[in-house]
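Both ligands and their constituent atoms are indexed starting at 1 by order of listing.
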Amino acid sequence: MDGEGLSSPVSFLKERLGVLADEPVLRAYEAWWAREGRPISEGVDRAGTPWLKMFDRLGTRVDEILYPPGYKTLLHQGYQAGVVWRVFETASLVPSYLLGYVTSFYDSGLYCPYVVSLATAVALEKYGTESVKARFLPELLRRDASVWQGATWMTEVKGGSDLGTAVETRARPAGDRWHLTGEKYFASNAGAELALVAARPEGAPRNVRGLALFLVPRYREDGGLNYTIRRLKDKIGTRSVPTGEVEFHESEAYRLGEQEEGIYLIMEVLNLSRVANSIGSVALTQRVLADAWSFARERMAFGKPIGEHPLLRRQLEERVAQWEDAFALAWEAVALLERVWRQTPPYSETYPLFRLVAHLAKYWTAEVAVQTARWGIEVYGGIGTLTEFGMERWLREALILAIWEGTPHRQLLDGLEVMERKGAHQALLAYLRPLADPRELERMTARVEAYLQLPPSEKEAQVEGLFRDLASFTARTLRGKLGLR
Ligand SMILES: Cc1cc2nc3c(=O)[nH]c(=O)nc-3n(C[C@H](O)[C@H](O)[C@H](O)COP(=O)(O)OP(=O)(O)OC[C@H]3O[C@@H](n4cnc5c(N)ncnc54)[C@H](O)[C@@H]3O)c2cc1C
């Protein structure tokens, strides 16, 4: 990929994937971002946390979120382009992930509302009763500015990693629906018209098996607020999505799927977002490289542009190669999810392979994004640290990509679990066999097998080194699939 090619996410996708579904739509979406979206996004980031207006002038609780001018224009572009409705029209997730890549090149935070809305629609369509689906799904699939948004709220104040213990939100049956009482501590896209919420039905065990997934509308059937927003969080990045603390007080809710399947449904929701997180991380990496490259062409030191000095040139080439590897890994996660996303528990044999690739991709692409964003600041030098030049924003955004949808630790430990319990490493190594260098494959196989013989606590302690090697081996090998050798 040459330097010019770095500046267009759609050109990169086209070069890597060949035929693009809805290419004219993607081109128009990118052109809109380059022309109009970019300055709005910069303004939203600079404005910081959106404002919460809790009461109207007569003292009625309204919990309205007030955004900087232009935010709604920005937000609705992606919905109109089809980040949710196209998935249902084409029966494929691919158009949504392609739009997500373009979105994240400009604003990785804004990809969050799209992903959580898509996850809400997918879970509702798969697991809602016919009457709940008929009532709510069309609202999420509208193509104009009246479209409803979704959200996925699992994390509570006692922690997001150990949901089985930390979720205290209670669910009580109430006729044809449920009533939820409790709170969520990290609730992105606060204000969404529909939210997926993890809660524990009364009497259910205090572990992950005791969790169920519920759909919670913003308004009760009588028109009153169904959940309240306690406050909005002041975050270092992703300011184009309001993240709040929300409270449920006997909130009306509809259970999705069977209670015993709750944790599987919650994992499906998270996995769809983790794949999106990987796509967002790779797109952000491209953006950093594009900005760094365009600066390095013009900034002079020691008589020539800094990008022409051998050291910086080599660093750029290595980072570009790593970004292309990261794309191959993230795209494989999309391709595997495309094969399994319609499945329901107990799933097919491909599911553990998908899970392992998704954990590898979520972990490794976020690491690459953070490291590349830090390097981008170095390339800009002192002005890299100044808010007025934009490079520092990519580091703030990248740091959040590593945390939400499950921290690196979570990806590593869940990846280890799917290897040990489902043999997913064997499926992965067999999957890579036709593409891999046979000696490298043999070395990697021996490394994984030796690692899995370690005593349990040593296995946990050493999992990061193994995961890093496995992720970069998988990514390098998959480049061949995209014609990138
Ligand atoms: C901007 C933002 C938006 C978010 N939006 C949402 C949202 O919309 N919905 C939602 O549900 N959540 C959301 N989250 C929450 C996010 O998913 C959690 O922050 C994340 O899952 C980690 O949970 P925690 O922050 O409670 O950390 P904890 O679970 O308390 O963990 C603290 C640290 O301990 C580590 N740790 C935990 N267990 C182990 C272990 N066994 N071994 C080693 N280390 C371990 C963790 O990895 C982490 O580093 C959001 C977070 C952020 C930052």
Fill in the blank from the handout: Residue, atom and distance of the protein heavy atom nearest atom 26 (O) of ligand 1 read Gly160 N, 2.7 Å
Exercise for the section: Look at atom 30 (O) of ligand 1 and say which protein heavy atom is nearest, naming residue and atom and giving the distance to 0.1 Å. Expected result: Gly159 CA, 4.0 Å
Report all side-chain donor-acceptor pairs from residues 46-54 shorter than 3.5 Å, counting only partners two or more places apart or in another chain.
{"residue": "Thr49", "atom": "OG1", "partner": "Asp234", "partner atom": "OD1", "Å": "2.9"}

Handout entry: Polar side chain donor-acceptor pair, Glu392 to Thr387, under 3.5 angstrom
Key = no
Problem - Side chains of Gln453 and Glu449, donor plus acceptor under 3.5 Å - result: no
Exercise for the section: Using a strict cut-off of 4.0 Å, indicate which atoms of ligand 1 neighbour a heavy atom of Lys235. Expected result: 1 (C)
Exercise for the section: Could you tell me which atoms of ligand 1, counted from 1 in the order shown, lie closer than 4.0 angstrom to a heavy atom of Leu413? Expected result: 40 (C), 41 (N), 42 (N)
Handout entry: Parallel, tilted or perpendicular: ring planes of Phe88 versus Trp341, cut at 30 and 60 degrees
Key = perpendicular
Problem - Nitrogen or oxygen atoms of Met154 and ligand 1 under 3.5 Å apart - result: yes
Exercise for the section: Using distance alone, determine whether Thr407 and ligand 1 share an N or O pair under 3.5 Å. Expected result: yes
Handout entry: Shortest non-hydrogen separation from Val269 to Ala123 and the atoms involved
Key = CG2-CB, 4.3 Å
Practice task
Verify, without hydrogens or angle tests, whether Arg206 (side chain) and Thr165 (backbone) share a donor-acceptor contact under 3.5 angstrom.
Solution key: yes
Problem - Test item: side-chain donor near acceptor, Glu183 and Thr169, under 3.5 Å - result: no
Exercise for the section: Return yes or no for this condition: an N or O of Ile400 is under 3.5 Å from an N or O of ligand 1. Expected result: no
Practice task
Keeping the roles fixed (side chain from Thr181, backbone from Glu250), state whether a donor-acceptor pair exists under 3.5 Å.
Solution key: yes
Exercise for the section: With heavy atoms of Trp404 as the reference, note each atom of ligand 1 found under 4.0 Å away. Expected result: 1 (C), 2 (C), 3 (C), 4 (C), 50 (C), 51 (C)
Practice task
May I ask which of Leu270, Ile403, Thr155, Thr152 has a heavy atom nearer to atom 15 (C) of ligand 1 than the others do?
Solution key: Thr155
Completion exercise
If you scan protein heavy atoms around atom 14 (N) of ligand 1, the nearest is Phe186 CB, 3.3 Å
Practice task
State whether any protein heavy atom lies less than 4.0 Å from atom 10 (C) of ligand 1.
Solution key: yes
Expected list for residues 65-72: side-chain donor-acceptor pairs under 3.5 angstrom, two or more places apart:
{"residue": "Tyr71", "atom": "OH", "partner": "Ser240", "partner atom": "O", "Å": "2.6"}

Exercise for the section: Starting from atom 4 (C) of ligand 1, locate the nearest protein heavy atom and write down its residue, its atom name and how far away it is, to 0.1 Å. Expected result: Ser188 OG, 3.5 Å
Exercise for the section: Taking atom 1 (C) of ligand 1 as the reference point, report whether a protein heavy atom occurs under 4.0 Å from it. Expected result: yes
Handout entry: Heteroatom distance test (Thr238, ligand 1): nitrogen or oxygen, under 3.5 angstrom
Key = no
Handout entry: Shortest protein heavy-atom distance from atom 31 (O) of ligand 1, along with the residue and atom involved
Key = Ser161 OG, 3.6 Å
Practice task
Report yes if some N/O of His409 lies less than 3.5 Å from some N/O of ligand 1; otherwise report no.
Solution key: yes
Handout entry: CG on Leu110 to CG on Asp45, rounded to 0.5 Å
Key = 12.0 Å
